[in-house]
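Written out below as structure tokens is the structure these notes cover.
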Amino acid sequence: MKKISVDIEYCQAHGRCYALFPDLFDAQEDGTAVVKGDGELPDSIDPADVTGSCPEAAITVG
């Protein structure tokens, strides 16, 4: 499986990632995103959909 990561320096707390993928992301107290669990992206989810959910390009899948 591929791993998801969030670059907190670029995250602007838009909330789209955790609104669209609540099983993968959560919000920290300041609204910035955090990856849930071990950060593994299920095969059933297209990595482009996840990375495309962030207008700041703070999410990477690798």
Side-chain angles (χ1 to χ4, degrees):
M1 280 193 183
K2 296 181 178 185
K3 291 276 191 172
I4 306 165
S5 62
V6 176
D7 188 333
I8 296 303
E9 290 187 37
Y10 292 106
C11 181
Q12 295 294 305
H14 294 286
R16 291 185 64 198
C17 60
Y18 45 86
L20 294 171
F21 301 100
D23 292 339
L24 303 177
F25 299 97
D26 203 353
Q28 297 188 76
E29 210 169 281
D30 64 356
T32 56
V34 62
V35 178
K36 286 185 174 180
D38 58 10
E40 289 190 6
L41 180 67
D43 292 333
S44 61
I45 299 176
D46 186 339
D49 291 341
V50 177
T51 58
S53 71
C54 181
E56 304 300 332
I59 300 171
T60 56
V61 177

May I ask you to test the [X]-[Y] pair for a side-chain heavy-atom distance under 4.5 Å?
X	Y	answer
Phe21	Ile4	no
Asp7	Thr60	no
Ile45	Leu24	yes

In the single-linkage hydrophobic clustering (I, L, V, M, F, W, Y; side-chain heavy atoms under 4.5 Å), do Leu20 and Val6 co-cluster?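 Leu20 clusters together with Val6.
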
Val61 with Tyr10, same ILVMFWY side-chain cluster at under 4.5 Å: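 No, no single cluster joins them.
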
Test: side chain to side chain donor-acceptor pair (under 3.5 Å). Region: residues 36-57. Which pairs qualify, not counting sequence neighbours? His14-Glu56

NZ (Lys3) with more than 12 external heavy atoms under 6.0 Å: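 Counting neighbours around NZ of Lys3, more than 12 heavy atoms of other residues, nucleotides or ligands fall under 6.0 Å, so yes.
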
Hydrophobic cluster mates of Met1, side-chain heavy atoms under 4.5 angstrom, ILVMFWY only, any path?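 Noted: Met1 shares its cluster with no other residue.
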
Linking directly or through intermediates, with side-chain heavy atoms under 4.5 Å: list the remaining ILVMFWY members grouped with Val34, chain and number order. none

Minimum heavy-atom distance [X]-[Y], with the two atoms named:
X	Y	answer
Tyr18	Gly31	OH-O, 2.8 Å
Cys54	Ala58	SG-N, 3.2 Å
Cys11	Ala33	SG-N, 3.4 Å

